[in-house]
Amino acid sequence: MFQAFIALLHRDLTLVMRRRQDALYGMAFFVIVVSLFPLGMGPEPALLQRIAPGAIWAAALLASLLTLERLFADDCGEHTLESLLLAPQPLSLLVLAKLVAHWLYAGLPLVVIAPLLGLQLGLAPAVQLTLVVSLLLGTPVLTLLGGIAAALTLGARAGNGLMALVLLPLFVPVLILGSGAVEQSLHGASPQGHLLLLAALLVLALSLAPAAIAAALRIALD
């Protein structure tokens, strides 16, 4: 069972390495959006610091949204998804492998590049550490929730727009907690409460999302 998980994870990461533009697309969008704020709002350091938590987290949310459309669409088009449904391994485990692969190529690069963008907006090192921890906890939640929407809208007309409508309300708690943690650190307060709530959201999403996605995929392909 674990071998199937590793094999599917390896397959998805290999496919991404062959289409590097898919991985770079979200990261480039993230960098460009955050870089637009100093250009649009001026170089005032205090102002940039004040908007930095919300700006970085909102850009991360939108960048994640852009990369979720193809989470299952390519496999559906190539009829690989039917093979996964017929596999002897639990579909939720195979779905989890695809979600882990998606986070590794779409979510983790945002976490890695975020400190540089925080530096651009004038965040202190301690605040940047909170930013990284909040993204490490929050971006997997975005992937897990996004997987549910991607499965529900699989094959639907205007699926991308519909997925955005489904996802944006679900992403709001993650956005509030993630940017709130950085905001607390920015003002010298402890971000522990926000980070613990983000961790709880991650555990909850990790427990429920793979099974929900598996059920949605079975319905979509019936």
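Predicted model only: the values in this text are computed from it and were never measured.
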Do any pairs count as a side chain to side chain donor-acceptor pair (under 3.5 Å) and have a residue in residues 37-65, sequence neighbours left out, and if so which ones? Trp57-Ser134

Rest of the hydrophobic cluster containing Val203 (Ile/Leu/Val/Met/Phe/Trp/Tyr, side-chain heavy atoms under 4.5 Å)? none

ring-ring contact (aromatic ring centres under 6.0 Å, His included): pairs with one or both residues in residues 23-50, sequence neighbours excluded: none

Listed partners of Ser92 passing side chain to side chain contact (heavy atoms under 4.5 Å, CB included), at least two apart: Pro90, Pro210, Ala214

Drop me the distance from Ile148's CD1 to Leu68's CG, to the nearest 0.5 angstrom. 11.0 Å

Taking only residues at least two apart or on different chains, which pairs with a member in residues 185-214 satisfy side chain to side chain donor-acceptor pair (under 3.5 Å)? Thr130-Ser185

Within residues 96-110 or reaching into it, pairs that qualify as salt bridge (charged side-chain N to carboxylate O under 4.0 Å, His left out) - sequence neighbours excluded: Asp12-Lys98, Asp75-Lys98

Taking ILVMFWY side chains as joined if any heavy atoms are under 4.5 angstrom apart, and letting links pass through other members, which residues group with Leu86? none

Applying ring-ring contact (aromatic ring centres under 6.0 Å, His included), which residue pairs with at least one partner in residues 103-135 are found, sequence neighbours left out? His102-Tyr105

Under the 4.5 Å side-chain heavy-atom rule for ILVMFWY, direct or indirect, which residues accompany Leu208? Leu204

Residue set satisfying side chain to side chain donor-acceptor pair (under 3.5 Å) with Ser179, at least two apart, ordered chain then number -> none

Euclidean distance, Met27 CE relative to Ile32 CD1, rounded to 0.5 Å: 11.0 Å

Hey, what else clusters with Val172 if you join Ile, Leu, Val, Met, Phe, Trp, Tyr whenever side-chain heavy atoms sit under 4.5 Å? Ile176

Show me the pairs that pass salt bridge (charged side-chain N to carboxylate O under 4.0 Å, His left out) and involve residues 176-204, at least two apart or across chains. none

